[in-house]
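Please read these numbers as outputs of a predicted model, since none were measured by experiment. Heavy atoms only: backbone and side chains are in, while hydrogens, waters and symmetry mates are out. Positions are given from 1, in the same order as the sequence printed here. In listed order, ligands and their atoms are each counted from 1.
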Amino acid sequence: MQQPDNRSSSQPFKAALRVALAYFVVSVLWIGLSDRLLEILPMDGATRAQMQAWKAWFFVITTALALFVVLLRDGIAVEAIFQTMRASEQRFRSLFERIPSIAVQGYTNERKVLFWNDASARLYGYEAKEALGNRLEDLIVPPPMRDDVRMAIRNWLDQGIPIPAGEARLIRKDGTPITVYSAHVMIENLEGKPELYSLDVDMTALKQAEAKLRLAEVVFERSVDGIIVTDSDNCIISANEAFCRISGYSFEELLGNTPNLFSSGRHGYSYYAQMWRDLLEHGYWHGEILNRRKDGEIYCGWLTISMVSNEKGAITNFVGIVSDISEKKAIEARLEHVANHDELTGLPNALLLRDRASQALGASKHEGNRVALTVLDLDHFRVINDSLGHVIGDRLLKQVVARLDECLDKGYTLSRRGGDELIILFPSITGNEQIRVLMERVLQQFATPFAVDRNMLVVTASLGVAVYPEDAGDFDDLMLKAETAMYSAKQAGRNTCRFYAEQMNADAHERFSLQNRLGRALDRHELVLHYQPQFDLKMGELVGAEALIRWADGERGLVPPGKFIPIAEESGLIIPISEWVLMEACRQAQTWRDAGFPDIQIAVNLSALQFKRSNLIESVANALKSSGLPAQCLELELTESILVDDADGVLRILCELKALGVMLAIDDFGTGYSSLAYLKKYPIDKLKIDQSFVRDIVEDDDDAAIVHTIIQLGRNLKMTTLAEGVENESQLAFLKVEGCRIAQGYLFGRPVPAAQFPAFFTQTLP
Ligand code: C2E
Ligand code: MG
Ligand code: MG
């Protein structure tokens with residue numbers, strides 16, 4: 001690097017002159033002394049004169065000699081000084097030139113660069129040769145600062161006010177800003193001229209570190225997660241606000257304590273041992289932890305602990321970050337409960353049952369025990385539900401569950417699959433006898449009526465049991481078999497228990513195939529209506545006919561409605577079937593009218609499903625319209641269960657039906673859960689007394705009383721009463737005496753195909 005030569009020779013010359021002056025003074029003293037000696041010493045005049053001459057010569061020679069020696073010696077000394085100074089300057093120059101992290105620049109009093117070390121080149125991007133001779137402000141001072149810089153340097157030069165060291169934001173050659181810490185010195189060069197030196201340190205890394213530190217501080221303080229820092233002895237040295245909030249301790253209370261303070265006692269030794277092993281081995285640990293707050297409450301936290309080591313590998317700190325996940329856990333538990341449990345009873349649902357059953361089956365394979373599955377279905381639950389409403393039905397179900405829960409041993413799973421169907425899983429059974437005892441105990445629970453609100457409800461249950469591995473190889477199959485057994489219990493008269501047997505399976509298949517065939521019955525015109533006459537007891541003449549469906553199944557022959565109507569209702573097939581019945585009955589009645597027979601009322605049975613799923617009003621209106629049958633010739637039979645369900649909706653439909661002009665009758669009256677309130681409210685024309693009361697009317701006083709009461713009730717409510725299932729004269733006589741208006745039964749005629757029915761028009765009662 002080219003630097004201007006600033007050497008000056010004035011200093012060594014001054015020194016030489018000083019030395020010469022010293023010789024001169026010494027010489028003068030010598031002359032003075034020699035004069036004095038000449039005076040004191042005894043000598044003659046000639047000798048004295050000669051001596052004087054010699055003294056003068058001596059003075060001249062010694063002075064000349066002295067001057068020569070001095071000049072020679074000082075010349076050497078001056079050169080030595082020059083050399084020393086040059087060496088010294090060279091040392092400092094190369095020191096400043098090479099010093100790695102301090103950018104040193106020298107400026108003339110006109111702020112022109114006269115020195116520019118390597119570090120300056122690296123820091124500011126200008127090579128020394130580019131910088132030298134240029135002005136400071138044109139190189140690295142941003143335009144807005146230039147005036148201030150000029151002013152500051154001027155003040156220093158003129159008034160001796162130094163520029164203080166400090167941070168400065170300068171610019172690089174490429175225009176990017178750079179923050180430096182800059183210190184300045186003003187020196188005088190050998191020529192006595194001032195030179196300004198600037199020593200700059202790059203602050204970028206420091207600034208970045210500072211920013212990082214500030215960020216870390218903000219993160220630490222504002223984090224919603226609790227953060228604590230301990231020293232290598234695991235004593236807490238720092239904790240953020242969130243941690244104080246979560247733990248309930250103030251920072252002062254935490255300081256110096258170890259995290260043992262939060263121990264909940266819920267984790268065993270092995271838990272903590274594993275935590276420390278992981279920490280020391282991998283440098284971190286994370287997992288769920290149950291901690292205790294200051295107020296004693298236990299909370300679930302998600303904790304991450306990291307180990308911090310110094311450059312020598314020694315542990316210096318542990319940093320723990322904890323988030324309170326109690327609420328999340330509670331939500332998870334709630335969701336899991338909802339996903340796996342029945343809402344009404346809180347029992348495990350089908351999903352959880354399947355899970356437990358698979359575990360039981362798996363265990364059974366290893367341990368050789370057996371697994372039993374019981375399907376429990378309440379008998380006639382629908383009647384209760386329909387007649388007393390769902391609220392009562394639900395409460396009853398809860399009571400049933402409570403009783404069963406109490407009577408069963410631990411280890412079983414009682415689960416609800418929907419409706420009134422409960423499943424009991426017995427995961428470890430030794431033999432059939434054990435199950436039989438258990439099932440008896442279950443049935444026994446239904447011996448006492450259930451008090452629900454103000455009702456005492458007598459409910460029974462049908463149970464079906466299947467056993468693994470005898471009856472089935474997996475859960476689905478086991479379930480199917482238990483269900484089949486339950487249906488068999490129903491068929492056996494309900495309120496009983498059946499074990500699965502192959503025959504039952506066959507019955508289930510039969511049911512399934514029946515449903516399949518029924519689906520095709522309408523299209524194949526296999527459905528027919530038979531008509532049963534209804535006679536007026538006073539006048540003795542035919543007043544009506546009940547249309548009763550029959551299925552002429554290609555495979556089985558005539559199938560009675562009791563066998564296929566429930567299947568049609570379950571599968572929804574009842575809707576198209578009912579539409580067909582309505583149309584066909586109206587068509588037939590009108591055909592008889594057209595043939596000149598007197599008007600009678602044709603009674604059509606309605607299904608509950610028609611009220612819920614079909615547009616009943618439209619169907620009735622269509623049937624009347626397309627057949628031409630006057631509305632008063634059509635009577636619709638409803639069951640009591642239809643009337644109590646969805647009371648407002650039903651009332652609206654009944655009123656609309658009534659507005660069409662059709663008659664409304666309650667079928668099988670007395671068998672459902674009747675309420676006098678709805679009898680009064682609904683526009684009902686007729687009560688059909690159920691045949692179960694008529695059957696023993698003569699022998700059974702209770703039945704006689706019931707029939708008597710119903711007839712009175714009808715009279716008071718201005719409704720016609722009809723007795724069903726009249727089979728003999730004594731029943732007829734009783735009904736006549738009681739004042740029952742109409743009767744229907746084998747005594748007058750069985751249901752017959754339409755073609756045979758006209759005979760009844762001419763028949764009269766005796
Ligand atoms: P229901 O409406 O009470 O019909 C009367 C039932 O009693 C008929 O049985 C009839 O054959 C029978 N019955 C009549 N008189 C006597 C008698 O003196 N003694 C005895 N023991 N029984 C008698 P069916 O035809 O088997 O019908 C059974 C039930 O099927 C009907 O009871 C009705 O609830 C239902 N049903 C029949 N046809 C239809 C229909 O088209 N639609 C709907 N939804 N249900 C129907
Ligand atoms: Mg009927
Ligand atoms: Mg009936």
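Look at Asp599 and Arg593 and you find a salt bridge, because one of the NZ, NE, NH1 or NH2 atoms lies within 4.0 Å of a carboxylate O, short of that distance. Asp703 and Arg695 are not joined by a salt bridge, as no carboxylate oxygen comes within less than 4.0 angstrom of a charged side-chain nitrogen. The pair Glu421-Arg416 does not count as a salt bridge, with every side-chain nitrogen at least 4.0 angstrom from each carboxylate oxygen. A salt bridge links Asp477 with Lys481; the closest basic N to acidic carboxylate O contact falls under 4.0 Å.
Not counting sequence neighbours, the partners of Pro753 by the side chain to side chain contact (heavy atoms under 4.5 Å, CB included) test are His530, Gln756.
Each of the following atoms of ligand 1 lies closer than 4.0 Å to a heavy atom of Val581: 41 (O). For ligand 1, the atoms closer than 4.0 angstrom to any heavy atom of Arg550 are 11 (O), 25 (O). Those atoms of ligand 1 that come under 4.0 Å of a heavy atom in Gly745, given as number and element, are 15 (N), 18 (O). Each of the following atoms of ligand 1 lies closer than 4.0 Å to a heavy atom of Glu727: 17 (C), 18 (O), 19 (N), 20 (C), 21 (N). Every atom of ligand 1 with a heavy atom of Glu637 under 4.0 Å away is listed here by number and element: 2 (O). Near Pro561, with a cut-off below 4.0 Å to any heavy atom, the atoms of ligand 1 are 24 (P), 25 (O), 26 (O), 27 (O), 28 (C), 30 (O), 37 (C).
Closer than 4.0 Å to atom 9 (O) of ligand 1 lies none of the heavy atoms of the protein. For atom 27 (O) of ligand 1, the protein comes within 4.0 Å by at least one heavy atom.
Backbone and side-chain nitrogen or oxygen atoms of Gln744 are examined, and none is located within less than 3.5 angstrom of a nitrogen or oxygen of ligand 1. Taking distance alone, with nitrogen or oxygen atoms compared against 3.5 Å, Ser578 stays at or beyond that limit from ligand 1. Distances between N or O atoms of Ile549 and those of ligand 1 include at least one value under 3.5 Å.
In this structure, NZ on Lys563 lies 12.0 Å from CG on Leu558, to the nearest 0.5 angstrom. Remark: Leu373 CG to Leu353 CG distance equals 6.5 Å, nearest 0.5 Å.
In this structure, Gly562 falls outside the shell of residues with a heavy atom less than 4.0 angstrom from ligand 1.
Side-chain atoms of Gln590 and Asp594 form a donor-acceptor pair, as typed in the model, at a separation below 3.5 Å. In this structure, a donor-acceptor pair under 3.5 Å is absent between the side chains of Asn349 and His341. Between the side chains of Ser619 and Glu579, a donor-acceptor pair is found at a separation under 3.5 Å. No hydrogens or angles considered: a donor-acceptor pair under 3.5 Å links the side chains of Gln532 and Gln744. There is a side-chain donor-acceptor pair under 3.5 Å between Asn605 and Glu546. Asp377 and Ser462 form no side-chain donor-acceptor contact under 3.5 Å, judged by distance and modelled atom types alone.
Protein heavy atom nearest atom 37 (C) of ligand 1, with residue, atom name and distance: Leu548 CD2, 3.6 Å. Protein heavy atom at the shortest distance from atom 16 (C) of ligand 1 is Tyr746 CE2, 3.2 Å. For atom 46 (C) of ligand 1, the closest non-hydrogen atom on the protein side is Asn605 CB, 3.8 Å.
Of all the heavy atoms of His530, none lies under 4.0 Å from any atom of ligand 1, so neither backbone nor side chain is involved. Contact annotation for Asp668 and ligand 1: only side-chain heavy atoms (C-beta onward) come within less than 4.0 Å of the ligand.
Annotation: cation-pi pair Arg403/Phe450 present, NZ/CZ under 6.0 Å from the ring centroid and within 45° of its normal.
For atom 6 (C) of ligand 1, the choice among Gln691, Glu546, Lys563 with the nearest heavy atom turns out to be Gln691.
The aromatic rings of Phe597 and Phe761 lie parallel to each other, their planes meeting at an angle below 30°, with 60° marking the opposite boundary.
If you look at the Mg ion (ligand 3), the protein N, O or S atoms less than 2.8 Å from it are Asp667 OD1, Asp668 OD1, Glu724 OE1, Glu724 OE2.
Of all N, O or S atoms in Glu546, the one lying closest to the Mg ion (ligand 2) is OE2.
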